[in-house]
Structures are given as C-alpha cells and as structure tokens.
Amino acid sequence: MLLKAYLDYLRYERAASERTISEYQADLKAFESFFKGLDSDLTWSTIDTDVAREWVVEMMEKGHKTTSVHRRLTALRSCFKFLYRRGYVEKDPVHVITAPKREKSLPAFIREEDMSRLLDQEGMFEDSFGGRRDHLIIAMFYETGLRLSELVGLNKDDINCVAATLKVTGKGNKQRVVPFGNSLLHLINIYKGERELRPMVDDHPFFVSDKGYRLTSDAVRRMVRSKLSLVTAQQRRGPHVLRHTFATSMLNHHADLQSVKELLGHESLSTTEIYTHTTFEELKKVYNEAHPRA
C-alpha cells in the first residue's frame, strides 16, 4: 500500500520515466524483502534506523559496489521523505544514515609508447587536410591536456605561434594560457597553412570540417575513439582519456602538482591529486617488471 503510493507519486506527480520507476521499485522491493527476512511482522511504518543501517552493512558485506549501495539508499531516502511528508509514517528512519564512501576509480590513460606510436608512426593518419587536422587534434589533447569543449571552442586568434601559447576558455568561461612545445608548433603551422587555402563558412574557428564549419564535439569524439583503437584495446578511449594521459605523463616526468593543476584549469588541487595515484600505479608496475625479487 505505502510502496504503491510512493510509486504512484513518482509516476503521476513527478512524471518520472518508467525506467526510473522500475529501478526504484526493484530497490525498494529488495529492502522490503530484507526487513521481512529479519522479522515478518515488520512493516514500512514500524522499521527503524537500525534496520536500514543493517541493510547497508549487509550489502557491503555481500560485495555490492558502493555505487549500487548509494543508488539503493537514494531510493530509500526519497521514499521515506515522501511517506513522512504525506503522513503515512510517523518518522523518517533513513535520513540520518551515512552512505559508504564511494570508491575512487583511477583515471584511464594511454601508455607513452602507444602515444608515440600513434603520433610518430607513418600511416596512422591520412595524407589529406582532414588527416593532418586529426593528427594535430590528437597531439594537442596529449600535449596540452585540453578538455574537449576547450579544443573545439578554440578560435584562430587563440593560437599564438610566436609565444607558443593557447588562450583557452574553460569551465565557467574562465580563461587560462597554456604553453606548448616545438613538436606541436610544427603540426599547427602545417595545419594553418592548409586551412588558409580552404573556403570558410566562418573564419573564426580554428578546427574546421572539410566544408569549413567549426568541428563538432561529436565528430572529434568519434575520431579520437577511432584513432586510439589503433594503439589500445581499453574501453575508455575518448578525448578525456588524452587529458588524463597528459596529466599522468607530466607527473611521471616530475612536474609538480600545482603546475599540472594550473595547466589543466582545475579549481582545486584535490581534483589533480587523483593523478598521483595513477603515477604510483605506474611506479608499482615498473618495480614489478624490473626488480628481480618482485
């Protein structure tokens, strides 16, 4: 009865999708099955905080991922918030429960030797305007750590080839200046020379399609996934992986964390610190491969 009232609320008042309703129903049914297994006399109106907390503990002990536990707890909190506000229950036993800490997944990255193979080996990119543009895009992601939106948003005037810097507009329209090296400058000059010879619908965008339009995020994403598949079988092969690869390479080659933070345009140093875990994983790998007693 109470569970049906909540699901009707989701469907008719919140206009939730059928998928959301189905997922919430499954999670709440799982909780109902749990507390009925503890005591068949328990109901949605009589359970207390200890029962809900035991459910969380049982899920963790059974090896459920924290993301799954968080999702189920979110469904339970939402349900009891509704039941309490509508007067179906006298108390909300779930609002005081703290969810388990989420596991921090290490950012995926491409090995340096694989990036060198992609960028330096002949035949990886077509001998055409599009091929040279794609080569530059992959190199720019890897050598500057730009976000996808930042790269496609670059305008012609944002590239300073004399100072070897990019003027980048990041999150919240905050701008930063990112330096680049001679290898990227060489690719930029090749691309710029060919770009100037092509008809442009709009002359401001730096990266353009064959027809002269600003390159879209979807087009860049598809190209990056296609090219990275030539050198890695890992599932995550989007532009953000190249941003992770830039940060990991910088730290592996002894760049300080604050400098990497500024280059990436992170607000907080704690966001950048996740890459130190990645570099430690690399150190462990090197140790295991190199030490005779490892």
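Treat the numbers as computed from the prediction; the structure is a model and nothing was measured.
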Query raised in the report: Of Y88, Y84, F80, which meets ring-ring contact (aromatic ring centres under 6.0 Å, His included) against W44?
Result: F80
For [X], I'd like to know if atom [atom1] has over 12 heavy atoms of other residues, nucleotides or ligands within 6.0 Å.
X: E13; atom1: CD; value: yes
X: R14; atom1: CZ; value: no
X: Q235; atom1: CD; value: no
X: F34; atom1: CZ; value: yes
X: E126; atom1: CD; value: no
X: D120; atom1: CG; value: yes

Requested in this report: Give every residue pair that meets the ring-ring contact (aromatic ring centres under 6.0 Å, His included) criterion with at least one member in residues 134-190, sequence neighbours excluded.
Outcome: F125-H135
Requested in this report: Report the C-alpha separation of L257 and M250 in whole Å, then their side-chain angles, then the decisive distance to 0.1 Å, and conclude whether the side chain to side chain contact (heavy atoms under 4.5 Å, CB included) test is met.
Outcome: CA-CA 9 Å; L257 204 59; M250 291 290 290; over 6 Å; no
Is a side-chain N or O of [X] found less than 3.5 angstrom from the main chain of [Y], in a donor-acceptor match?
X: R198; Y: G212; value: no
X: S78; Y: T74; value: no
X: T245; Y: F109; value: no
X: T248; Y: H244; value: yes
X: D134; Y: G131; value: no
X: D48; Y: D50; value: yes
X: R237; Y: V224; value: no

What's the shortest heavy-atom distance between [X] and [Y], and which atoms?
X: A108; Y: Q234; value: CB-NE2, 3.9 Å
X: L2; Y: S45; value: CD1-OG, 3.5 Å
X: R147; Y: G170; value: NH1-CA, 4.3 Å
X: S68; Y: H64; value: OG-ND1, 3.9 Å
X: D158; Y: G153; value: OD2-O, 4.2 Å
X: R77; Y: I97; value: NH2-O, 2.5 Å

With a 4.5 Å heavy-atom cut-off, do [X] and [Y] have their side chains touching?
X: I188; Y: C161; result: yes
X: P205; Y: V152; result: no
X: R176; Y: E150; result: yes
X: R222; Y: D218; result: yes
X: L3; Y: F31; result: no
X: K4; Y: M1; result: no
X: L148; Y: R243; result: no
X: L154; Y: L146; result: yes

With a 4.0 Å cut-off on N to O distance, would you call [X] and [Y] a salt bridge?
X: E113; Y: R117; result: no
X: R214; Y: D202; result: no
X: D256; Y: K261; result: no
X: R72; Y: E58; result: no
X: K174; Y: E267; result: yes
X: R11; Y: E18; result: yes

According to a 4.5 Å side-chain heavy-atom criterion applied to Ile, Leu, Val, Met, Phe, Trp and Tyr, with indirect links allowed, do [X] and [Y] form part of one hydrophobic cluster?
X: F206; Y: L185; result: yes
X: V260; Y: L269; result: yes
X: L215; Y: I190; result: no
X: I110; Y: L230; result: yes
X: L76; Y: M60; result: yes

Query raised in the report: Relative to the ring of Y6, is the ring of Y24 parallel (under 30°), tilted (30 to 60°) or perpendicular (over 60°)?
Result: parallel
Report task. Hey, can you tell me if F207 and Y191 have their rings parallel, tilted or perpendicular (30° and 60° cut-offs)? Result -> tilted
Report task. Test M140 against L166 for side chain to side chain contact (heavy atoms under 4.5 Å, CB included), laying out the working first. Result -> CA-CA 10 Å; M140 189 172 286; L166 305 174; 4.1 Å; yes
To the nearest 0.5 angstrom, please state how far the [atom1] atom of [X] sits from the [atom2] atom of [Y].
X: T165; Y: N160; atom1: OG1; atom2: CG; answer: 4.5 Å
X: K171; Y: S149; atom1: NZ; atom2: OG; answer: 8.0 Å
X: L264; Y: T271; atom1: CG; atom2: OG1; answer: 10.0 Å
X: L242; Y: L151; atom1: CG; atom2: CG; answer: 10.0 Å
X: R195; Y: R133; atom1: CZ; atom2: CZ; answer: 12.0 Å
X: D92; Y: R85; atom1: CG; atom2: CZ; answer: 10.0 Å

Requested in this report: State which residues pass side-chain hydrogen bond (donor to acceptor under 3.5 Å, both in side chains) with Q175; sequence neighbours excluded, sorted by chain then number.
Outcome: T169
Report task. Would you tell me whether T46 and T43 have side-chain atoms, one donor and one acceptor, within less than 3.5 Å of each other? Result -> yes
Report task. Report the C-alpha separation of V231 and M124 in whole Å, then their side-chain angles, then the decisive distance to 0.1 Å, and conclude whether the side chain to side chain contact (heavy atoms under 4.5 Å, CB included) test is met. Result -> CA-CA 10 Å; V231 294; M124 291 296 191; 4.3 Å; yes
Query raised in the report: Which is it for E112 and N252 under the side chain to side chain contact (heavy atoms under 4.5 Å, CB included) test, yes or no, and what are the steps along the way?
Result: CA-CA 10 Å; E112 289 182 28; N252 278 341; 4.3 Å; yes
